[in-house]
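Take a look at the structure set out below.
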2 protein chains.
Amino acid sequence: MMSPERPPIGLTLGSTAKVVSRAFDEALAVAGGSLPVWLTLLSVKTRKLANQRKIAAGIGIQGATLTHHLNGMEAEGLLVRRRHPTNRRTHQVELTEAGEALFVRLLEAAIAFDKRLRAGLGEGEIADLDRLLAKLRANVGEPG
Amino acid sequence: MMSPERPPIGLTLGSTAKVVSRAFDEALAVAGGSLPVWLTLLSVKTRKLANQRKIAAGIGIQGATLTHHLNGMEAEGLLVRRRHPTNRRTHQVELTEAGEALFVRLLEAAIAFDKRLRAGLGEGEIADLDRLLAKLRANVGEPG
DNA sequence: TATTGTTATACTCTATAACTATA
DNA sequence: TATAGTTATAGAGTATAACAATA
């Protein structure tokens with residue numbers, strides 16, 4: 001039996017990611033943020049121990065690019081950078097009150113967005129999607 | 001039974017799309033192209049009848065953004081734009097020989113990439129992934 | 001010397017607003 | 001007036017290379 005014609009899966013993935021990430025960006029913008037700001041805040045909150053390079057790698061950007069975002073966020077009063085007391089090469093990134101508040105707002109926005117995104121999808125379908133996306137990552141050589 | 005902790009599906013989708021599209025971009029770059037150039041060539045070849053606005057919408061960008069890419073591609077000798085003979089408001093986009101040749105090279109690269117991307121995935125899994133991605137698009141309000 | 005992070009610079013993709021040409 | 005497309009301008013995100021500070 002012939003399989004039905006279907007666009008390449010990479011194209012479908014790309015266009016889906018484009019519309020989804022735009023919608024997510026808009027949701028974050030309404031809450032006063034953006035995708036890189038959200039990913040940065042999330043990393044700082046989640047992996048407090050990691051240095052900036054590890055945070056950058058976790059987000060999927062270069063160290064210098066993270067510095068660029070941190071500069072902007074520090075200028076906006078969302079965080080402060082201090083030298084680490086024992087290893088003074090590394091910096092400690094700490095959220096200010098404004099940064100913590102923004103984190104909470106963006107977290108709420110992200111939770112609401114994910115709920116919207118998962119509408120009509122069962123737990124098993126989400127697990128399937130997760131597993132299939134992991135296979136794609138593995139197939140392009142992503143170690144994670 | 002508790003469901004296992006899993007990052008939000010939007011985050012997983014975003015990071016997967018990032019690594020996959022970077023790998024695809026590299027594959028296209030090796031063949032002498034880029035993602036927007038490839039999408040533009042593909043649209044011009046596939047929907048010859050559509051005007052630029054429809055092509056732009058198909059790619060998911062604004063008309064002015066498409067003009068920007070067409071300018072670059074025309075400067076590189078990949079295509080020419082002519083006034084349509086009967087409706088002179090619209091432009092006919094035609095690939096030059098160089099444009100046709102690049103299309104073939106990028107097509108080969110895209111086919112090879114998709115093969116790599118689908119490694120170890122059965123036809124049913126691809127169909128599942130396709131269906132699940134369509135659901136996500138629908139959930140963020142995408143009409144297609 | 002090696003590591004961590006920053007600065008300087010620039011590129012790509014995208015967008016909006018104002019404009020021209022055509023209908 | 002409405003439509004198709006272009007030009008001008010700008011902004012966000014990213015990258016590389018060179019640098020400073022620390023170990």
Side-chain angles (χ1 to χ4, degrees), chain A residues 14-15 17-19 21-26 28-29 32-41 43-44 47 49-76 79-94, chain B residues 14-15 17-19 21-26 28-29 32-41 43-44 47 49-76 79-94:
Chain A
S15 67
K18 183 179 268 186
V19 302
S21 80
R22 276 183 193 178
F24 187 39
D25 240 355
E26 279 165 31
L28 291 174
S34 70
L35 186 56
V37 165
W38 166 238
L39 293 176
T40 303
L41 288 175
S43 272
V44 169
R47 339 186 188 181
L49 304 176
N51 63 23
Q52 286 185 201
R53 296 208 162 170
K54 282 177 188 164
I55 289 177
I59 298 177
I61 57 178
Q62 294 299 312
T65 305
L66 179 61
T67 295
H68 168 78
H69 293 305
L70 292 176
N71 287 346
M73 293 169 75
E74 189 158 32
E76 287 174 355
L79 52 83
V80 292
R81 281 175 286 190
R82 293 196 192 85
R83 293 280 182 180
H84 192 286
T86 62
N87 181 349
R88 291 182 44 78
R89 274 189 305 201
T90 69
H91 284 182
Q92 275 179 320
V93 178
E94 272 178 42
Chain B
S15 67
K18 182 179 268 185
V19 301
S21 80
R22 276 183 193 179
F24 187 39
D25 239 355
E26 279 165 32
L28 291 174
S34 70
L35 187 55
V37 164
W38 166 238
L39 293 176
T40 303
L41 289 175
S43 273
V44 169
R47 338 185 188 182
L49 304 174
N51 63 24
Q52 286 186 203
R53 294 204 165 173
K54 283 175 188 166
I55 290 177
I59 299 178
I61 58 178
Q62 295 298 311
T65 305
L66 178 61
T67 295
H68 168 78
H69 292 305
L70 292 177
N71 287 347
M73 293 168 74
E74 190 158 32
E76 287 174 356
L79 52 85
V80 292
R81 280 174 287 190
R82 294 195 191 86
R83 293 279 181 181
H84 193 285
T86 62
N87 181 347
R88 291 181 44 78
R89 274 187 306 202
T90 68
H91 284 181
Q92 275 180 318
V93 177
E94 272 178 44

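Every chain is numbered from 1, with letters handed out A, B, ... down the list of sequences. What you see below is based on every heavy atom in this structure, not just the backbone, and it leaves out hydrogens, waters and symmetry mates.
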Rounding to a whole Å, what distance do you find between [X]:[atom1] and [N]:[atom2]?
X	N	atom1	atom2	result
Asn87(B)	dA2(D)	CG	P	17 Å
His84(B)	dA23(C)	NE2	P	11 Å
Arg82(A)	dG5(C)	CZ	P	16 Å
His91(A)	dT3(C)	NE2	C1'	13 Å
Gln92(A)	dG5(C)	CD	P	11 Å
Arg89(A)	dT1(C)	CZ	C1'	11 Å
Gln62(A)	dT4(C)	CD	C1'	14 Å
Arg88(A)	dG5(C)	CZ	P	13 Å

Report yes if the side chains of [X] and [Y] come closer than 4.5 Å at any heavy-atom pair, otherwise no.
X	Y	value
Asn51(B)	Lys54(B)	yes
Leu70(A)	Gln52(A)	yes
Ile61(B)	His68(B)	no
Glu94(A)	Leu79(A)	no

**Report entry** Test item: Glu74(A) side-chain N/O and Arg81(A) main-chain N/O as donor-acceptor pair under 3.5 Å
**Finding:**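 Indeed, once roles are kept as given, a pair shorter than 3.5 Å links the two residues.
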Discussion item. Treating Arg88(A) as the side-chain partner and Arg83(A) as the backbone partner, does any N or O pair qualify as donor plus acceptor under 3.5 Å?
Written reply: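 A pair under 3.5 Å: no.
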Tell me whether the side-chain N/O atoms of Arg83(B) come closer than 4.0 Å to OP1 or OP2 in dA23(C).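 Answer is no, no contact under 4.0 Å.
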Heavy-atom contacts, protein to nucleotides 8-13 of chain C, under 4.0 Å, summarised as B (base), S (sugar-phosphate only) or - (none) per nt, yield -----S
*asked:* The side chain of Arg53(A) is closest to which nucleotide in this list: dT6(D), dT4(C), dT3(D)?
replied: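 Among dT6(D), dT4(C), dT3(D), the one nearest the side chain of Arg53(A) is dT4(C).
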**Message:** Looking only at the side chain of Asn51(A) (C-beta and beyond, no hydrogens), which of the listed nucleotides dA15(D), dT6(D), dT4(C) gets closest?
**Reply:**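 Looking only at side-chain atoms, Asn51(A) lies closest to dT4(C).
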When all nucleic acid strands are considered with a 4.0 Å heavy-atom cut-off, which category describes Thr90(A): base, sugar-phosphate, or nothing?
->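 Sugar-phosphate, no base atom in range.
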> How long is the gap from CG on Leu28(B) to CG on Leu35(B), to the nearest 0.5 Å?
Replying inline: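 Result: 6.5 Å between the selected atoms.
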